[in-house]
Number of protein chains: 2
Amino acid sequence: MKKKKTKQETRKTNTQNWLTPAQMSACTGVSIDTLRYYEKEGLVQPIARAANGHRRYSKADVLWIEVLRCLRDTGMTIEQLRHYCLLGEQGETTEPERLALLQAHRQKVLDSIAKQQEAIKLIDHKMTYYTRTSHSVPPNATKK
Amino acid sequence: MKKKKTKQETRKTNTQNWLTPAQMSACTGVSIDTLRYYEKEGLVQPIARAANGHRRYSKADVLWIEVLRCLRDTGMTIEQLRHYCLLGEQGETTEPERLALLQAHRQKVLDSIAKQQEAIKLIDHKMTYYTRTSHSVPPNATKK
DNA sequence: GCTTGACCTGAAGCGCACTCCAGATTGTAG
DNA sequence: CTACAATCTGGAGTGCGCTTCAGGTCAAGC
């Protein structure tokens, strides 16, 4: 199975259950450098290696990276993510803390959404100055 | 009116229609340093000055800073804000561009909200692992 | 007259999250 | 055999948005 189609197998057709760094990057949208950075920072457990030392990402890694990105994109810091990961590694006794951490973050995201919805209102309001037929309002708007 | 109660007038009771930097900061929640920084970066027109060179913020300035903060807090960069301000200073011929700018930003905020709502879903999903009676799921969750 | 406190200025520094670099290794292709 | 592409490593560099600093002015209080 492994020695029959050397070329296609190891290079092209990735029927494998692992991904190269490049594939991982393409698949998750996270740059190779950032993937390494996350690993170095303890945001992912050490990735499996091939004989030559190259990383071999598993499908589980893909999922985890996606979770990571989701949390990062919503403002969780590297520091907090590291903490969350660490808890995960320490077993299920830390579950309450992990739950609390997620709940806190969830709330932060909700707050952020609320704030942005407020902003939308203000933007809409300001846009009326420009869409209205009358442009009687001076440059820096709210003035006067 | 101005010479009768020198002490109270100039120092304590601010029945004035201007604010000192400290008051401005307290009022808008933006630090004095940041206010100066915004001015230097061209995000606000030069602030009026007292005889001694100290800034005197007007109530219009308060409103403008609030708009600024709203846009900043929703991810508009200093660069973009500067551009927006510049347009404002160039008169009403730039109104279409300012409108477009706001519309683009509005869309970005909407996208961001959508993304965060997605994140909430994922967080909720992950939280069920911890709230459920069974904790059959290993630390880094999605694995296996 | 001296001190204090609020403010001024230009410039340097900081924290975060990447991002890039130099130099080395390794496996396949021509 | 040589060339090339993908990857490796530790460490330095980058960009953004402030924040801090050093040194100075000025008005009021003791």
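We name chains A, B, ... by the order of the sequence lines, and we start the count at 1 in each one.
Using a 4.0 Å heavy-atom criterion, one finds that R56(A) contacts no nucleic acid atom at all.
Applying the 4.0 Å criterion to OP1 and OP2 of dA17(C), one finds that T34(A) has every side-chain N and O outside that range. Distances shorter than 4.0 Å separate none of the side-chain N or O atoms of Y38(B) from OP1 or OP2 on dG17(D). Note on Y37(A): every side-chain N or O is 4.0 Å or more away from OP1 and OP2 of dC20(C). Put simply, R36(A) has no side-chain N or O that comes within less than 4.0 Å of OP1 or OP2 on dG10(D). The phosphate of dG17(D) (OP1 or OP2) has no side-chain N or O of R82(B) nearer than 4.0 angstrom. The side chain of R55(B) contributes an N or O atom lying less than 4.0 Å from OP1 or OP2 of dT9(C). One finds no side-chain N or O of S31(A) lying less than 4.0 angstrom from the OP1 or OP2 phosphate oxygen of dC18(C). OP1 and OP2 of dC16(D) both lie 4.0 Å or more from every side-chain N or O belonging to T77(B).
Whole-Å rounding puts the Y57(A) OH to dC8(D) C1' distance at 11 Å. Rounding to whole angstrom units, CG of residue L35(B) and P of dC8(C) are separated by 10 Å. In this entry the distance linking CE of M24(B) with P of dC8(C) reads 12 Å, nearest Å. Distance, R49(A) CZ to dG27(C) C1': 17 Å, rounded to whole Å. Atom P of nucleotide dA6(D) and atom CH2 of W18(A) are separated by 14 Å, given to the nearest angstrom. Here the P atom of nucleotide dC16(D) and the CD atom of E79(B) are 8 Å apart, to the nearest Å. Summarising the geometry, the separation between CD1 on I65(A) and P on dA17(C) is reported as 15 Å, rounded to the nearest angstrom. Distance CD (Q23(B)) to C1' (dC7(C)): 13 Å, rounded to an integer number of Å.
Residue D33(B) has its side chain nearest to dT20(D) when only dA11(C), dT26(C), dT20(D) are considered. Comparing dC26(D), dC8(D), dC7(C) against the side chain of N52(B) picks out dC26(D) as the nearest. Distances were taken from every side-chain heavy atom of I78(A) (C-beta onward) to each of dA11(C), dC18(C), dG17(D); the shortest belongs to dC18(C).
Not a single donor-acceptor pair under 3.5 Å links the side chain of W18(A) to the backbone N or O of R55(A). Side-chain atoms of E97(B) do not come within 3.5 Å of backbone N or O of L87(B) as any donor-acceptor pair. Formation of a donor-acceptor pair under 3.5 Å by the Q23(B) side chain with backbone atoms of T20(B) is found in this model.
Of all non-hydrogen atoms in I32(B) and P21(B), the two that sit nearest each other are CG1-O, 3.8 Å. Taking each heavy atom of E95(B) and Y129(A) in turn, the nearest pair found is OE1-O, 4.5 Å.
A salt bridge does not link D124(B) with K121(B): every distance from a Lys NZ or Arg NE/NH1/NH2 to an Asp or Glu carboxylate oxygen is 4.0 Å or more.
Residue whose closest nucleotide on DNA chain D sits further toward the 5' end, between R69(B) and A51(B): R69(B). Comparing G53(A) and H54(B), the nucleotide of DNA chain D nearest to each residue sits closer to the 5' end for G53(A).
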